[in-house]
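The structure appears right after this line, and notes come after that.
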Amino acid sequence: MKPPSTPPTNIDELLQRCQQIAGLSLGELAGLAAIQVPQNLQRHKGWQGQLLELWLGATAGSKPQQDFPDLGVELKTIPIDRRWQPLETTYVCYAPLMNPPGVTWHTSNVRNKLAQVLWLPVEGDREIPVSERRVANGFLWTPGEDEDALLQKDWEELTEMIVLGHVEKITARHGNALHLRPKAADGSVLTDALGPEGQRIKTRPRGFYLRKTFTQTLLMRAFG
DNA sequence: AGCTGATCATTC
DNA sequence: GAATGATCAGCT
């Protein structure tokens, strides 16, 4: 078995690829792909995500759009503990801090990214060596009406604060399902944002993240 | 600098 | 212990 060289042409093919790697460890998948496994993820935080992108045939590289644009599917690996609970929040996308006028929830990047997600849980307990962590079977998720409404409310509140020039007042405590946190290589990175008087200010870039409590409900529904 | 892939580590 | 705020790596 080796990684596919082309993207899946339909959803079924994508799910089949998931089933083929389900139950395998990251070490096995790396070995089959002739890739070195890092001792820890401290300096390789995106390693497993990129390994699984390779195995599912997602187009490599960073693009602001979905991982499988032809299928309208976004891939998210999610680290879980032994009880299938998420160990980390889930990054959704970069947050625009200088909003083009007329952006609404329905046209937002967050909603587009989350319209259809292939969740791929991976054992993430730190006592398990990276190479021994196993991949679970992935599952497709589309937000239900209730979930969409929840996300919309958070997105609208956060976006309103950004538009009104209150980015600096936003903390990760805002938002029930979706929240905003810094997203940068380090604290020296600055980007343009709106200040309280409508002026341009410099601030740390932010990203939208899904809370663990939210992703936990998705995992529960999928795996009980 | 912007954006992707995220996890780390200090604070609470 | 968990959540918040900070950080790491690679590509465009």
Side-chain angles (χ1 to χ4, degrees), chain A residues 3 7 26 29-30 33 35-69 73-100 108-110 112-114 117-131 133 135 138 154 158 162 167-193 200-216:
Chain A
L26 296 179
L29 292 172
I35 288 172
Q36 290 281 314
V37 183
Q39 279 300 303
N40 58 64
L41 301 182
Q42 190 169 23
R43 294 191 168 275
H44 304 272
K45 296 183 180 182
W47 181 80
Q48 71 163 27
Q50 283 161 4
L51 176 67
L52 293 167
E53 280 184 349
L54 176 70
W55 273 98
L56 295 181
T59 347
S62 66
K63 301 180 305 268
Q65 284 317 305
Q66 289 138 327
D67 294 302
F68 301 99
V73 171
E74 172 75 9
L75 172 67
K76 290 291 176 200
T77 64
I78 182 166
I80 54 167
D81 66 17
R82 65 186 64 185
R83 287 159 42 174
W84 292 76
Q85 313 249 30
L87 283 163
E88 296 287 350
T89 54
T90 302
Y91 170 67
V92 179
C93 61
Y94 211 66
L97 301 182
M98 296 289 288
N99 286 65
S108 73
N109 218 250
V110 173
N112 178 248
K113 283 268 180 144
L114 298 180
V117 178
L118 176 65
W119 294 97
L120 199 47
V122 179
E123 288 180 323
D125 279 313
R126 290 203 200 177
E127 63 253 33
I128 308 175
V130 175
S131 68
R133 298 182 188 176
V135 178
D154 289 339
L158 291 166
I162 291 170
V167 203
E168 303 281 31
K169 285 198 162 66
I170 301 176
T171 73
R173 294 169 188 79
H174 288 87
N176 293 306
L178 188 75
H179 67 175
L180 202 70
R181 302 220 305 281
K183 175 67 171 169
D186 60 63
S188 73
V189 179
L190 296 175
T191 191
D192 287 335
R200 246 176 44 183
I201 60 168
K202 288 287 187 183
T203 190
R204 284 145 49 247
R206 313 296 161 91
F208 285 108
Y209 294 79
L210 295 176
R211 287 190 182 278
K212 286 195 275 187
T213 47
F214 183 78
T215 50
Q216 183 183 337

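Throughout, protein chains are lettered first and strands after them, A, B, ... in sequence-line order, and every chain is numbered starting at 1.
Listed pair Thr89(A) / dA6(B) fails the phosphate criterion, with no side-chain N or O lying under 4.0 Å from OP1 or OP2. Using a 4.0 Å cut-off, some side-chain N or O of Thr191(A) falls inside it from OP1 or OP2 of dG2(B). Using a 4.0 Å cut-off, some side-chain N or O of Lys113(A) falls inside it from OP1 or OP2 of dT4(B). For Gln42(A), no side-chain nitrogen or oxygen approaches OP1 or OP2 of dA9(C) to under 4.0 Å. Side-chain nitrogen and oxygen atoms of Arg126(A) include at least one within less than 4.0 Å of the OP1 or OP2 phosphate oxygen of dC8(B). Under 4.0 angstrom from either OP1 or OP2 of dG5(C) there lies no side-chain N or O belonging to Lys183(A).
Atom pair Asp186(A):CG and dC8(B):C1' shows a separation of 14 Å (rounding to whole Å applied). Residue Tyr91(A) contributes atom OH, which lies 18 Å from atom P of dT4(C) at whole-angstrom precision. Here dT4(C) presents its P atom at 16 Å from CG of Leu87(A), a figure rounded to the nearest Å. The separation between Gln65(A) atom CD and dT4(B) atom P is 9 Å, rounded to whole Å. The separation between Tyr209(A) atom OH and dC3(B) atom P is 13 Å, rounded to whole Å.
The nucleotide whose nearest atom lies closest to any side-chain atom of Lys212(A) is, among dT4(C), dA2(C), dT4(B), dA2(C). Set against dT7(C), dT7(B), dT4(B), the side chain of Arg181(A) has dT7(B) as its closest nucleotide.
Checking Ala172(A) against Gln50(A), the closest nucleotide of DNA chain C that is more toward the 5' end is the one next to Ala172(A). The 5' end of DNA chain B is approached more closely, in terms of each residue's nearest nucleotide, by Leu190(A) than by the other of Leu190(A) and His44(A). Along DNA chain C, the nucleotide nearest Arg173(A) and the nucleotide nearest Arg43(A) are compared for position; the residue whose nucleotide lies closer to the 5' end is Arg173(A).
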Full working for side chain to side chain contact (heavy atoms under 4.5 Å, CB included) between Gln65(A) and Asn112(A): CA-CA 8 Å; Gln65(A) 284 317 305; Asn112(A) 178 248; 2.9 Å; yes
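For Tyr91(A), the ring pair (Phe, Tyr, Trp, His ring centres under 6.0 Å) criterion is met by Tyr209(A), not counting sequence neighbours.
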